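To find a chain, count down the sequence lines: A is the first, B the second, and so on, and within it residues start at 1. Because the structure is predicted, anything quoted here is derived from the model rather than measured.
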Amino acid sequence: MITDRLGKELLFFDGGMGTLLQERGLKPGELPEVWNIEHTEEVFDIHRQYFEAGSDMVLANTFGANALKFHSDEYELEDIVTAAVVSAKEGANFGVHDGREVYVALDVGPTGKLLKPMGDLSFEDAYAAFAETMRYGEEAGADLIHIETMSDTYEVKAAVLAAKENTKLPVFVTMIFDEKGKLLTGGDVPGVVALLEGLRVDALGMNCGLGPEQMIPILKEVRKYTSLPIIVKPNAGLPKQKDGITYYDVEPERFAETMQKLVELGACVIGGCCGTTPEHIRAMTSACRGMKVSPPVKKNATIVSSYGKAVEIGDKPVIIGERINPTGKKKLKQALKDHDLDYILKEAVAQQDYGAHILDVNVGLPDIDETAVMTEVVKELQSITSLPLQIDTVNGEAMEAAMRIYNGKPMINSVNGKQESMNQVFPLIQKYGGVAVGLTIDEDGIPDTAAGRLRIARKIIAEASKYGIDKKDIVIDVLAMTVSSDANGAKTTLEALKLVREMCGVRTVLGVSNISFGLPFRPAINSNFYTMAMQNGLSAGIVNPSSEDMMRAYDSFCALMGYDENFAHYIERYGSRTAEVKTGAKDSDMTLSAAIERGLKEEAHLITTRLIGEMEPLDIINQELVPALDRVGKGFELGTVFLPQLLMSADAAKNAFAVIKERFAGEDSLEENQERIILATVKGDIHDIGKNIVKVLLENYGFGVIDLGKDVAPEQIVQKALEEDVKLVGLSALMTTTVVSMEETIALLREKKADCKVMVGGAVLNQEYADMIGADFYGKDAMQSVYYAQKVFGRE
Amino acid sequence: MDARIREAIRYLGYGGHAVDEQTLALIEDSFTELEEAAKRRIIYRIFGVTWGAGRLTIGKMDIASRNLSRNLKDCKEAILLGATLGIEVDRLLKRYSLTDMSRVVVLQAAAAAMLEDYLNQCQDKLRGEFESRGEYLRPRFSPGYGDFDIRHQDMILRMLDADKRIGLAMTDSYMLTPTKSVTAVIGISRKKERCPLEGCEACDKKDCIYRRNT
């Protein structure tokens, strides 16, 4: 078995395939996998050469053999994959390999598509495509699966899950890093390592993109973080271009020399990628054979990750933002019920701006489908923030669904000392990876001594290890109890923190603000307790990052404890602050309408705040706001005001509205009697800027917008229109290829909801086109949609 | 004024109008932010061009397009290229679309200007290389323009191995992802063409508000 040798002795992969096939006549753009059937002998010959050159394993010619990339009218995917594996196996049997045990890997490359939400391929479809190929590969006799040349953590997660759930084969993964150690999609080395180790691959590393020299620093970085055997498969140098042809110019001897260095630095499995030939591999194997490998070293850092960022929960405390949790938050509850994702996303952005490092996500409400909402929210959150998420739920199904689609290694809140809880959560961590928050509570409740909580912490850590979950992936929450009901509560918590840190050597987490429940002026207690907790070993406080007191406590702690080099962060944040006065916007003698016309957001806010003491809310709206908006709108039509200004004014007006709503919430005159409009970018279309502009303006004019987002199927739009009994739908499309979906949507609306009007817009449309697809109205710009909506709802 | 800023203003539909200070500041700020977020990448390869009746073949890609044929007239070779600003720009746009649409609109214009500028620079460099050996480059021409079918996007990306090399892919509806990306064909000719028309000047839609030099 290859896994028995892995990490104990040096193993050799093969070199490039594509370049060799091209030399033998493969045309650019042609599918190389077709050669498995049409030119079997050529493919076989390349494999044979690699085995003769000393490779212990070769990659079958299946890099692009997945249903998304491989479209052929002539050949079935299964036959292509089978032919590839068989041909490599034959190469293995008939090649000269000095009695060595050799292997064939199913080669799995990227789908060639970008995953949602930035692209249009769903995680599930990517998974299905990989799974299909992998099943064929295992059946055909592949010894392992090698997932390579990946530049997206999300796609690689789909591939690894597909391998694990559909085959019993060992899984190797290599990704493309650039010279700065980043993936094309922004991920970094610690994040990639955390993700892949969490998914329990057998070996990981890097291939393609760089030459052997450039891989040295990346290898060092990988070695710093991983406990697994490392694979290194460089190109024959950096790609160069001459006469429009890409070539690589590191010669076999130099390639081999550098590969020796890479082995000394910790590579356990080596081979070549683009531009490397049997000569490179021969030079490499003769130079390196017999070299000792440095076995992988176990690492102890507690790391969670997102698509683009790894966060270590280490000596310097980190902040977990607590705001995405409906408990006690009326607006968030409503937003969750209404599927108002924007509200939740804004909360995430705000917490990030305030300095959170990880975001807690809890969507638990009695009457919602938590699994559906949790996955939806996680998907959206990970498209706008690079902060790792903490999935916070007691619902096992929701937890698993969220862990599955999460793009990274998540934090899981939580498991506790009850057997039932551990039975539920640990298998999930074992499968998907993650750092679990372990609450020190069990069947007998919460012990009221520090020693009692330590006992449960130990129990949790011991149980986790049965699943092969290392204690670095457990952070213990010793629980902060409300001090007003137990005078010793804080003391016990602080003692327990210290004890758990010292005795178990694990990181800790705490929901800090519980402590002050029932007391007046909670920020004072909270922030002081926060400092004390950090002093006693708290690694990650779950706090409100928009609370100035909490952030001051945190920033001061870091500055005092040497975690803020040269006080750089402290000075940046507080350096310009001599008093508590906010500078910038002034409530000058400007009128509200002037502030709106000039697009001054902060001024609009300040002036409205003043005005609500002096005027009736409806008067502010009718005398100041609406006339200003109308003037800007007219100017836009006349070509004296331009789009950025129109939108700045819209934002300023929105700020003014917000002040009024806040102040007079609940009063009849302002109650939402809003006419609602559905907006969507049609199926197949991922450009939504135009739609978002229309949304801002419609909201400005008091319409309630139900925003279904982009790439929305006709059925989904129609269903929503029926559910909400909507009278107007706005559709946007950018290109001719997606106007088809627009036409389908209109047809379906006509059929199912005939009383609903449809307005359309987008770069490719004009009046003629709009008429052709049966729209009621074509808006050549965003203002036109406002005017049309007013007409439809009889507001003119 | 920086040429890129002028282009961004044009994309925002200002035509000949002066831009106000606030918007100008927003544009400048957007370029600063883009310098941070954008990861400019390009890939290109040269292919032979063969001519048939009413169609041409680049590499193994068969194309029926009058506009492209005119553009590539007399060319025996052509460069295929793909370029992108990378996925972080899309993320930036998405994030701001939650809170600040005016910034989104400006950022997207600035990103378009940045991409064009990047392509121009790359093309200038190539032009120099080719002219030194007596070959001349035609203006670049992208699928989706005129009668050059957008569906050729697929083959161009494959011929360039664009997803693997620079992370450039497309959706099922032939839209490039990341969104701030371009694919194009550039003809290589032995003949020097005098002042070739390109971009706006080559377009028949004379009343377009985005038109250059109107």
Point to revise | Most contacts with chain A, counted as non-hydrogen pairs under 4.5 angstrom, among B/Leu98, B/Thr177, B/Asp100, B/Leu176 | key: B/Leu98
Exercise for review: Tell me, out of B/Arg158, B/Arg91, B/Met159, who's got the most heavy-atom pairs with chain A below 4.5 Å.
Suggested key: B/Arg91
Check your understanding: What option among A/Lys346, A/Glu30, A/Lys654, A/Met118 has the most heavy-atom pairs under 4.5 Å with chain B?
Key -> A/Met118
Practice item. With the side chain counted from C-beta on, respond yes when B/Arg165 and A/Cys208 share a heavy-atom pair under 4.5 Å apart, and no when they do not. Key: yes
Exercise for review: Pick whichever of B/Met170, B/His17, B/Glu129, B/Met155 has the most heavy-atom pairs under 4.5 Å with chain A.
Suggested key: B/His17
Practice item. Give the intermediate values and the outcome of side chain to side chain contact (heavy atoms under 4.5 Å, CB included) for residues B/Arg95 and A/Leu345. Key: CA-CA 9 Å; B/Arg95 201 180 147 174; A/Leu345 298 181; over 6 Å; no
Practice item. May I ask you to decide whether B/Lys94 forms a salt bridge with A/Glu380, counting only side-chain N to carboxylate O separations under 4.0 Å? Key: yes
Exercise for review: Determine the minimum heavy-atom distance between B/Lys164 and A/Leu184, stating which atoms define it.
Suggested key: O-CD1, 4.3 Å
Review point. Who wins among B/Ser97, B/Ser173, B/Gly144 for the most heavy-atom pairs under 4.5 Å with chain A?
Key: B/Ser173
Practice item. State, yes or no, whether a side-chain contact exists between B/Thr23 and A/Met648 at a heavy-atom distance under 4.5 Å. Key: yes
Revision key, fill the gap. If one checks every heavy atom of B/Met175 against chain A at 4.5 Å, the contacting part turns out to be both
Exercise for review: State plainly whether the residues A/Lys683 and B/Asp172 are in salt-bridge range, i.e. N to O under 4.0 Å.
Suggested key: no
Practice item. Please look at B/Ile166 and chain A and tell me whether the side chain, the backbone, both or neither of the residue comes under 4.5 angstrom of a heavy atom of that chain. Key: backbone
Point to revise | Presence of salt bridge, B/Lys39 and A/Asp178, under 4.0 angstrom | key: no
